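This report concerns only the one structure given below.
This one's a predicted model, so the numbers in the text were calculated from it and none came from an experiment.
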Amino acid sequence: MKAALNLMMVLLGLGLATLCPGQAINIDVQMWTDSELGGDVPSDLFGAASGQIGRWTPIDVSHPGPFELYDVGGNLTSATVYHPNWGNGGGWNNQDLSGDFRSLMADAEDIGAGLDYQFSGLLPGWYDVWTYCGSASRGFSSETFVKVPGAIGQEEVRVAGTMPANYFVLNRSHSVHRVQVIDGSLRILARENWPDHRGYLTGFQLVPVPEPATILAFSVGIAALLRRRML
């Protein structure tokens with residue numbers, strides 16, 4: 001019985017990984033400075049707030065792109081991202097931050113008059129879009145407004161407060177939007193109360209979401225298979 005349950009968990013995990021039609025992508029908005037200021041790219045074992053481990057694609061804040069994107073397995077995808085309003089960034093030597101958290105959160109793109117990240121070439125499907133925000137300057141309370149057009153529920157979310165020390169807090173260090181990609185395109189807009197320079201972007205995660213009906217059908221199939229094995 002125990003062996004059968006273990007088999008079910010393995011098959012369910014492998015099956016769900018193949019049922020998500022989208023692409024799993026991690027992006028580090030990169031200042032290209034030294035490691036003390038967050039200039040390193042997070043390691044493949046860092047899942048950030050979403051828990052999605054794998055390769056991180058660095059995006060240069062001093063160049064508009066388009067940038068080719070890698071999936072979490074290190075494979076070059078058909079997806080690219082372009083951000084036309086580019087050029088300003090910053091990094092902070094905050095000793096409260098360390099390791100991969102520092103690499104993701106300590107360097108950032110200054111939102112300025114507004115940012116528009118335009119994705120194309122994504123596989124169709126549902127995605128959870130995790131947007132990481134904030135200034136790593138100790139004691140500085142940042143404020144960023146993140147908008148994903150077409151997202152379920154609230155399209156624009158306020159992310160504000162001081163940077164947590166090596167942990168994530170929803171709507172303080174990041175926002176989450178669920179959106180359906182149909183034609184391969186996705187936009188992430190960010191603004192601040194210009195010109196107070198309190199809004200910063202540090203990275204993204206695009207996490208594919210399997211459709212509930214697909215999960216149910218797959219689970220029923222696995223259950224039937226295990227029933228036959230145990231009879």
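Linking Ile, Leu, Val, Met, Phe, Trp and Tyr residues whenever their side-chain heavy atoms come within less than 4.5 Å leaves L189 and I27 in two separate clusters. I152 is connected to V209 through a chain of hydrophobic side-chain contacts under 4.5 Å among Ile, Leu, Val, Met, Phe, Trp and Tyr, so both are in one cluster. L69 and V129 fall within the same hydrophobic cluster, defined by Ile, Leu, Val, Met, Phe, Trp and Tyr side-chain heavy atoms under 4.5 Å apart, directly or through other members. Hydrophobic clustering places V148 together with I59 (ILVMFWY residues linked when any side-chain heavy atoms are closer than 4.5 Å, directly or through intermediates). Put simply, Y132 and L97 are part of the same group of oily side chains (I, L, V, M, F, W, Y) that touch within less than 4.5 Å, one to the next.
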side-chain contact (heavy atoms from CB on, under 4.5 Å) between L201 and Y117, worked out: CA-CA 11 Å; L201 266 180; Y117 277 79; 3.8 Å; yes

Worked verdict on M163 versus D96 for side-chain contact (heavy atoms from CB on, under 4.5 Å): CA-CA 9 Å; M163 179 73 69; D96 293 336; over 6 Å; no

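If you take CD on Q118 and OH on Y82, they are separated by 7.0 Å, rounding to the nearest 0.5 Å. Interatomic distance, OH of Y127 versus CD of Q180, reported as 11.0 Å (0.5 Å rounding). The distance from the OG atom of S142 to the NE2 atom of H197 is 14.0 Å, given to the nearest 0.5 Å. S141 contributes atom OG, which lies 5.5 Å from atom CZ of R198 (distance to the nearest 0.5 angstrom). Remark: R55 CZ to I25 CD1 distance equals 11.5 Å, nearest 0.5 Å. Between the OG atom in S175 and the CD atom in E156 there is a gap of 10.0 Å [rounded to 0.5 Å].
Here L76 pairs with E68, Y70 under the side-chain contact (heavy atoms from CB on, under 4.5 Å) rule; sequence neighbours left out.
Judged by distance alone, the side chains of S185 and S120 never bring a donor and an acceptor atom under 3.5 Å apart. Side-chain contact of N93 with R138: a donor-acceptor pair under 3.5 Å is absent, judged by distance alone. Side-chain contact, E192 with Y200: no donor N or O sits under 3.5 Å from an acceptor N or O. In this model, a donor atom of one side chain and an acceptor atom of the other lie less than 3.5 Å apart for S43 and D100. Side-chain atoms of N26 and Q205 form a donor-acceptor pair, as typed in the model, at a separation below 3.5 Å.
Ring-plane geometry between H83 and F67 is classed as tilted, the angle between the planes lying from 30 to 60 degrees on a 0 to 90 degree scale.
Side-chain contact check for H177 versus E155: every heavy-atom pair is 4.5 Å or farther apart. Taking 4.5 Å as the limit, every side-chain heavy atom of I111 sits out of range of all side-chain heavy atoms of W194. Residues Q95 and R102 have side chains in contact (heavy-atom distance under 4.5 Å, counting atoms from C-beta outward). S50 places none of its side-chain heavy atoms less than 4.5 Å from the side chain of H174. Contact annotation: the side chain of D128 approaches that of R178 to within less than 4.5 Å [non-hydrogen atoms, C-beta and beyond]. No side-chain heavy atom of V181 sits less than 4.5 Å from a side-chain heavy atom of L123.
Across T202 and G134, no two heavy atoms sit closer than the pair CG2-O, 3.8 Å. Of all the heavy atoms in Q52 and L206, the pair that sits closest is NE2-O, 3.3 Å. Between M105 and A136, the shortest heavy-atom distance links the atoms O-CB, 3.8 Å. For the residue pair D28 and P42, the shortest heavy atom distance occurs at OD2-CD, 3.4 Å. Between Q30 and P58 the shortest heavy-atom distance is CB-CB, 4.2 Å. Of all non-hydrogen atoms in C133 and V146, the two that sit nearest each other are SG-CG2, 3.7 Å.
Under the 3.5 Å distance criterion, the side-chain polar atoms of W56 are left unmatched by any main-chain donor or acceptor of L104. The main-chain N or O of T162 is found under 3.5 Å from a side-chain atom of R172 such that the two form a donor-acceptor pair.
A ring-ring contact (aromatic ring centres under 6.0 Å, His included) check over residues 93-113, counting only residues at least two apart or in different chains, returns the pairs F101-F168.
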